[in-house]
Amino acid sequence: MKILAIETSCDETAAAVVEDGWKVLSNVIASQIDLHAKTGGVVPEVAAREHVLKMPAVLDEALKEARCAFDDIDAIAVTRGPGLISSLIIGTETASVISYVKNLPLIPVHHIVGHIYANWLDVKDEIKFPILVLTVSGGHNEIILMRKHNDFEVLGESRDDAAGEAFDKVARILGLGYPGGPAIAKAALNGDGKAFKFPRIYLEKGSLDFSFSGLKTAVLNEAKKHMHKNDLAASFQEAVVETLAEKLLRALETLKKKGVEVKEVHLAGGVSANLRLREVIHEKLPKNIVFRYPKSIKFCTDNATMIGAAGYFLYKHSKEKFSSGKNIIPSAEFRI
Ligand code: KG4
Ligand code: ZN
């Protein structure tokens with residue numbers, strides 16, 4: 001089954017063709033990074049206008065790269081939210097029109113569920129449930145138990161800044177530019193992660209929630225005293241990574257006590273591109289648990305292949321009827 005997928009939740013205009021939930025036939029992303037670097041972050045109105053301009057060429061390219069015509073496509077999948085409403089509307093309207101004109105099923109996909117299914121892309125071996133997922137993106141940070149396809153239980157979430165948001169804000173404090181995650185990771189390579197002892201916030205005993213806003217303030221206070229960019233970046237990254245890894249281990253323990261034997265641990269979302277995060281989790285996880293993150297860095301950050309993968313499994317495993325041409329109401333809310 002070939003799915004044409006569209007993703008416009010933030011500042012990437014993306015389209016892809018994915019076959020059977022794992023095989024990537026094309027992956028086209030028109031980035032707006034240069035545009036938003038000028039303002040140090042995304043201005044929603046500017047992003048939406050850019051989506052309108054880029055969408056036709058991106059769709060064209062996605063079909064061409066996949067060597068497909070519209071008639072070869074079996075369904076349309078599109079991000080329904082959460083995200084910037086004005087950006088989401090461009091994607092959902094485009095998808096509705098194609099679905100109506102071509103009489104194809106229309107599958108609305110939750111953005112974070114998309115990130116989770118990025119772990120199925122290009123994977124040929126069997127992925128085993130139950131899976132514990134750590135979602136770390138710019139807007140979201142959760143620990144999720146996935147018992148089977150399309151079955152997600154949120155065990156913990158960020159009470160303030162998401163991990164990626166913290167990376168972006170600290171990069172701004174350090175004058176490292178936008179997007180912050182890759183810039184911090186690069187600066188950290190030349191810094192000492194033990195130079196500053198930043199707080200690791202674990203909240204109340206037993207809580208699987210996160211909080212990163214205090215850490216951001218701690219970096220700001222230290223940066224006002226002395227701007228050792230590389231050491232500050234490295235010490236900040238260590239604090240985030242250690243907190244995330246520790247919470248993941250606590251979640252595994254909690255589940256074990258309840259009799260849930262987790263088979264795999266997955267990283268999902270833009271921060272899953274962080275090599276230090278992968279390294280520390282890999283070191284700490286029990287060796288009988290399979291550890292996965294998206295196979296390509298391109299699948300970590302926002303893209304449409306992940307929406308195509310998630311759309312496939314939703315279509316296969318949901319009782320819902322995905323009729324053609326129906327309107328999708330985009331949503332900014334998180335609930336999966
Ligand atoms: O998942 P994503 O592309 O968009 C959202 O759904 O939010 O995540 C973007 C986030 C940004 O905050 C970016 O700074 C972060 O992912 N990011 C990274 C890295 N690459 C991207 N954070 C840490 N290390 C990286 N290498
Ligand atoms: Zn995302």
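Whatever order the structure lists ligands and atoms in, that order sets their numbers, starting from 1. Note that this is a predicted model, so its numbers are computed, not measured. These numbers come from the heavy atoms of this one structure, side chains and all, not from hydrogens, waters or symmetry mates.
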Can you confirm if the aromatic rings of Phe198 and Phe236 lie within a centre distance of less than 6.0 Å?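 For Phe236 and Phe198, the ring centres are not under 6.0 Å apart.
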Under 4.0 Å, heavy atoms only, figure out whether ligand 1 is touched by the backbone of Asp302, its side chain, both or neither. both
Could you tell me whether His140 approaches ligand 1 through its side chain, its backbone, both or neither, with non-hydrogen atoms closer than 4.0 Å? neither
Total protein N, O or S atoms, the Zn ion (ligand 2), separation less than 2.8 Å: 3
Should [X] and [Y] count as an ion pair when the cut-off is N to O under 4.0 Å?
X      : Y      : result
Glu264 : Lys128 : no
Asp151 : Lys148 : yes
Lys256 : Glu253 : no
Asp125 : Arg292 : yes
Arg159 : Glu204 : yes

List the closest protein heavy-atom neighbour of [atom]: residue, atom name, distance to the nearest 0.1 Å.
atom                    : answer
atom 17 (N) of ligand 1 : Gly270 O, 3.6 Å
atom 10 (C) of ligand 1 : Gly138 N, 3.6 Å
atom 24 (N) of ligand 1 : Asn274 ND2, 3.0 Å
atom 22 (N) of ligand 1 : Gly181 CA, 3.2 Å
atom 6 (O) of ligand 1  : His111 NE2, 3.0 Å

Look at the aromatic rings of [X] and [Y] and report parallel, tilted or perpendicular, splitting at 30° and 60°.
X      : Y      : answer
Phe313 : His317 : parallel
Phe291 : Tyr293 : perpendicular
Phe196 : His226 : parallel

Arg250 NZ/CZ over Tyr202 ring centroid, <6.0 Å and within 45° of normal: yes
Gly164 N/O to ligand 1 N/O under 3.5 Å: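 There is such a contact, yes.
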Heteroatom distance test (Phe167, ligand 1): nitrogen or oxygen, under 3.5 angstrom: no
With heavy-atom distances below 4.0 Å as the criterion, list the atoms of ligand 1 near [X].
X      : result
Thr301 : 3 (O), 21 (C)
Gly139 : 7 (O)
Pro182 : 19 (C), 20 (N), 21 (C), 25 (C)
Asp168 : 11 (C), 12 (O), 13 (C), 14 (O)

Run the ring-ring contact (aromatic ring centres under 6.0 Å, His included) test against Phe129 and tell me which residues pass, sequence neighbours left out.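 ring-ring contact (aromatic ring centres under 6.0 Å, His included) check on Phe129 returns His149.
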Can you see which heavy atom on Ala48 is nearest to which on Ser86, and at what distance?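 Where Ala48 meets Ser86 most closely, the heavy atoms are CB-O, 3.6 Å.
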